[in-house]
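Quick note on labels: first sequence line is chain A, next is B, and so on, each numbered from 1.
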Amino acid sequence: MSKTASSKETKEKKETAPTGIGGGSIRDALLVPTLAVITGLIIGGIVMLVSGSNPIQAYGALFAGSFGSPSAILSGLQAYFATGDNTLLIKSIYPFTESLVTATPYIFAGLAAAIGFRAGLFNIGAEGQFFIGALCSAFIGYSIKDLPMIIHLPLALLGGALGGAIWGMIPGYLKARFGAHEVVNTIMMNWIAFRLSDWLLKGPMQASNFRPVTPNVFASAELPRFFEAPLRFNLGFFLALLAAYLVYWFLFKTTLGFEVRSVGANPDAAKYAGMNIIKNFVLVMSLSGALAGLAGTAQVLGVDHWVGQGFSAGYGFDAIALALLGKSHPVGVVLSALLFGFLRSGATNMQSVAGIPIDIISIIQGLVIVFIAAPAIIRWFYRIKSLKIDEQTVLTRGWGK
Amino acid sequence: MANVLELQGITKRFPGVLANDKIDITLREGKILALLGENGAGKSTLMNILYGLYKPDEGKIFVRGKEVHIDGPNDAIAQGIGMVHQHFMLVPVMTVTENVMLGIEPTKNGVFLDQEKVAKRIAEISNQYGLEVDPASYIKDLPVGIQQRVEIIKVLYRNADILILDEPTAVLTPQEVEGLFKIIATLIKAGKSIIFITHKLKEVLAIADDISVLRLGRMVGSIEPNKATPEKLASMMVGRDVSLVVQKSAPKPKEAVLKVENLFVRDERENLTVQGVSFEVRKGEVLGIAGVQGNGQTELVYALTGLSSAESGTIELNGKNLQNATPRQILESGVSHIPEDRQRHGLILSFPIHDNMMLCTYYQEPFAKGISLQEKAILSNAEALVKQYDVRTPNIYVNAGTLSGGNQQKVIVAREFSRPIELLIASQPTRGLDVGSIEYIHKQIINKRDEGTGVLVVSSELDEILALSDRIAVIYKGQIMDILDAKKASKEDLGLLMAGIHPSTSPKKK
Amino acid sequence: MKKLYFVSALLIIASMVLTACGGGTPATEAPVATEPAMVYKVGMVTDLGGIDDKSFNATAYAGVQQAIDELGVSGKYLESTQQSDYAKNIQQFVDEDTNLIVTVGFLLGVDTAVAAKANPETKFAIVDYSYPDCFGEGFVEGQTCGSASELPNVLGLTFDIDQAGFLAGYAAAASSKTGKVATWGGINIPPVTSFMVGFEYGVNYYNTQKGANVEVLGWDTAASDGSFIGNFESLDDGRSITESLVQEGADVVMPVAGPAGLGGAAYCKETASCWVVGVDTDWTVSASEYSDVVLTSVLKNMNVAVFETAKSIVDGTFAGGVYSGTLANNGVGLAPVAGASDELKAELETIKAGIIDGSIATNP
């Protein structure tokens, strides 16, 4: 290596200090996504302006709807400390907690897609796994009576994870065994899940002979809520954070995760190193399915307590965007899920106060994804000089073997 | 004679790097200028400036005495400058004709593509310069050497008379190199001028009229071929004296470590590419497998290392049957493998060096306890190996992909040598590396041999085979033609064997 | 548990303080209305179909719009994109001190009941649903909502759609040339099947009146079963089931499946082999591209019901319980029948009167 070359690298090293195993440079990791979000919001504002709305009012309402009003919180706190009456306080933190509630399934689903990407697998079936997970946990939740929570809740959680895992494992096995591409198979599994849930909701799992919804789960299977109604903030959010930590630990601190990442980054080298690629495909698809299943489970046990048609708002598909935005890193996924959660949750207030259709949020999300997927646009726009791309996330491999 | 191209004081800075520092070069009309330098010396940057892909920070470019500004490939083409890239810019699913006309499609009546006109012109160019190629065939069906011809035709089709050939021999077999040199000679005869970029010394001496050497972005000097020797050029490139000959003592071979008998292997397309190969490798010796690329070497190594399964035959390591064992079983039996394609098999480029340093043993102590990776052990292992094997890197946290080819290869060598091994299989161990790295890796391989390890070296570079081997097996069309004692083997005989001919005067077949 | 409560509260408060330092926009203080006169607020929460569904939500909102225009109330809607939005959107309106919250569709049943119990001052109306059966079998008593008597501030807006279906069945039988008419549904649930029951009864009435023998395909009231595609979204499914019913000989088809029904209309239009009977809204308006194959439409006049409810708020006459839309109160109806003879028109009027006075039964 030449002198200039090494001096170049030392310089780069200064800019992008290593953060240890599994880490990249924090600046590099955050710069483009942050700018992408800002740009998305700006363009969304332009769209509002063009369609005759006031973007400042809209974003004000969005902010208030996702974080709450600071002055209301302060007065809520004052009232609480002065009189011990928490009504105002509860009301003022409602928007913020709702955002966290909305972010919870996003975290799980984003982790599901991310762990797939890490192994070079495109799990487009998170949506189906989400449904299966939700149905399994709902079934355990409403069909078993008189269990103590300490048994019932973990059982329902486990059931949801297991259901999703099986739904993910099938395409994983088909790929490993027959080389069938997981994109095709997971899409097929989605349709099977959708039709299966149609049938279950109309048939065996129907609450009454009138509406195609499941019965409510028993209180012993519900994820406990931390505040009184209408606050729906529940244990699910912390379970999601725990899942993110476990995924991080699995991917970066264990030999199994090392295999998964190796298979994803370079399957030829993984084979050369003696890793069992087939085993990893099945393992990763199962884990991914379990996480997607938990997304549905957390939604049922924590928020809705029953499953009806249209239970998911496309979490499984947003999952891919989340993983992309979060660079398939658990921390990134959590951050992007929070972003989506706050946008989605605040949108209700924006729709109500500013009269902006909630679809604008989809536009902003779409723009952010485009900018993340094509970072060159952002670099060009903000004249960012040759950012070093350290770790190109492998999204998927070619068709077949 | 007129200077057709002159670069004066070209300087190009990248953030933190001076890629080109006041470089002057001159190309005489109808001559071949060889631009020599190690990987990363600034050759490619310079040529990209000439081709309009980069803008120089300082300096002037003169074409036929007139100063020009080149703002992109189209400007370069307009000045008669054409470039044949090291990695071909061809569309595999298109025909030769379609590829040639890509970007300047001529039309009939303003609408319809006029392929016949292009095909006719291609035929003319082919005849004129001896560039035989069928305009109707698809790129994906053509061997690499022919693809390169298509690239040259593309350039000539655009009426270039200054040709830049970027590492044109890197991907070619010796025979194809011969063919290329003939084509170059025809081009020169027709009055074209050529810049030939390479780091291979012998090629330079064989064809260049002028030689300019770059090192670390600077012009080290120009030298005439008749005054140059390989040693002289090497020391100009590397900046110190380099030994081109591997110093080694006589081998002390012991019992066989690897026995291969009557091995048949199919490749990915189910062709039987290894057809009944038998040989053995003894402890403390280097067996070289010589042969033109594509005669079954790759599949042979894949079968030996478990990357693919053998059709039939036996593979025994220390008496243990390893036929169709998994890569891990083979690895754990004490086999190290320096793979032919280091970026495909040998490394995970997007992983940091420390992870690549334990790629095969990540699940063993001390790197793992149970399923938990032991960060400390992983890092200290990498630190030690980087130091021991002289891997030039800012630290062990950078991704392997950021290293130069030579240092990537050193990472693989370090990893593969760092565990106790019985047998080393080194496939094309120095392909694409610069002189300094080749010297280093050859030394390491000989050290391993002297420690008593059996070594199997597979290389399509005859010089490398001759430098390293104690015995040489020549493979041709999936069969071993002969196994010779390296000391008695002449280059000529090996060349004939590689072409599938038993030299009548050579030593009798064993 | 205590600890978690504490920690999470702490986290939230900490981040709130941070946000406060960051300087939040005070746009949250909703523009304070300074009108001295009381302006009643009406808010509508859609189901997943969205406001532009040309069906339930659109029709219900037309009632809100009418109330805005004629009663001077202020009104707006919130769209739901997923199940968990229902509660959130309702809560948004509660927080804005909305006087009447209209929720659309049975899927909002649980969340409407929960909110109604928690906010007894606020009035609610739920379209196409009536309590007290919000528990159903398997629901845990008292967990989600009580019986209707516990919800005096909720009005369920239901529709005796079999009355209008009856008229459509009669008109279809009168218009059929093949002697076979058909109906099919999205899912086999009462809100869907009551259309089909009325339809079959109407055809049977035609047969007894005229001594004809028009056959109904796709539904059998006695067996309580028929042809269903299992969803309300797939236009392809709607198309193929229509195709097979037409091939069995039907030349009038009534799809009771929301948007999926349009697949059937598309098939009829392309092949010009059948009439369709629209449902919920007048398809010659809401699906005008198919108007030349629409025989008539079975109208569920949710706009009328919603408007009436809003009016009761303004008048101060609101009472919980159940509103039934009938032919009598124009809550349901039949759109004009394409190419109907004066004779048929007169017959339909007579039958309508018979249904209203109870002399003609439209269901078992």
Is [X] in contact with chain A via its backbone, its side chain, both, or neither, using a 4.5 Å heavy-atom distance?
X        : answer
B/Thr305 : neither
B/Arg415 : side chain
B/Glu416 : side chain

When you check the side-chain N and O atoms of [X] and [Y], is any donor under 3.5 Å from an acceptor?
X        : Y        : result
B/Ser333 : B/Glu422 : no
B/Ser372 : A/Lys253 : no
B/Asp57  : B/Thr11  : no

Can you confirm if the aromatic rings of A/His329 and A/Tyr248 lie within a centre distance of less than 6.0 Å?
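Yes, they do, as the ring centres are separated by less than 6.0 Å.
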Aromatic contact, B/His345 with B/Tyr302 (centres under 6.0 Å)
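Yes - the distance between ring centres of B/His345 and B/Tyr302 falls below the 6.0 Å cut-off.
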Which members of residues 323-332 of chain B, sorted by number, sit under 4.5 angstrom from chain A on a heavy-atom basis?
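Expected list: B/Pro327, B/Arg328, B/Leu331.
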With sequence neighbours excluded, give me every salt bridge (charged side-chain N to carboxylate O under 4.0 Å, His left out) pair touching residues 279-289 of chain A.
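Every salt bridge (charged side-chain N to carboxylate O under 4.0 Å, His left out) pair that includes a residue of residues 279-289 of chain A, provided the two are not neighbours, is A/Glu259-A/Lys279.
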Any idea how B/Phe417 and B/Tyr389 line up, ring-wise: parallel (<30°), tilted (30 to 60°), or perpendicular (>60°)?
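Taking B/Tyr389 first and then B/Phe417, their aromatic rings stand perpendicular (interplane angle over 60°).
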For the residue pair B/Phe351 and A/Phe258, does the interplanar ring angle fall in the parallel (under 30°), tilted (30 to 60°) or perpendicular (over 60°) class?
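Rings of B/Phe351 and A/Phe258: tilted, as their planes differ by 30° to 60°.
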Using a cut-off of under 4.5 Å on heavy-atom pairs, state which of B/Gly346, B/Ala368, B/Pro339 scores highest against chain A.
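It is B/Pro339.
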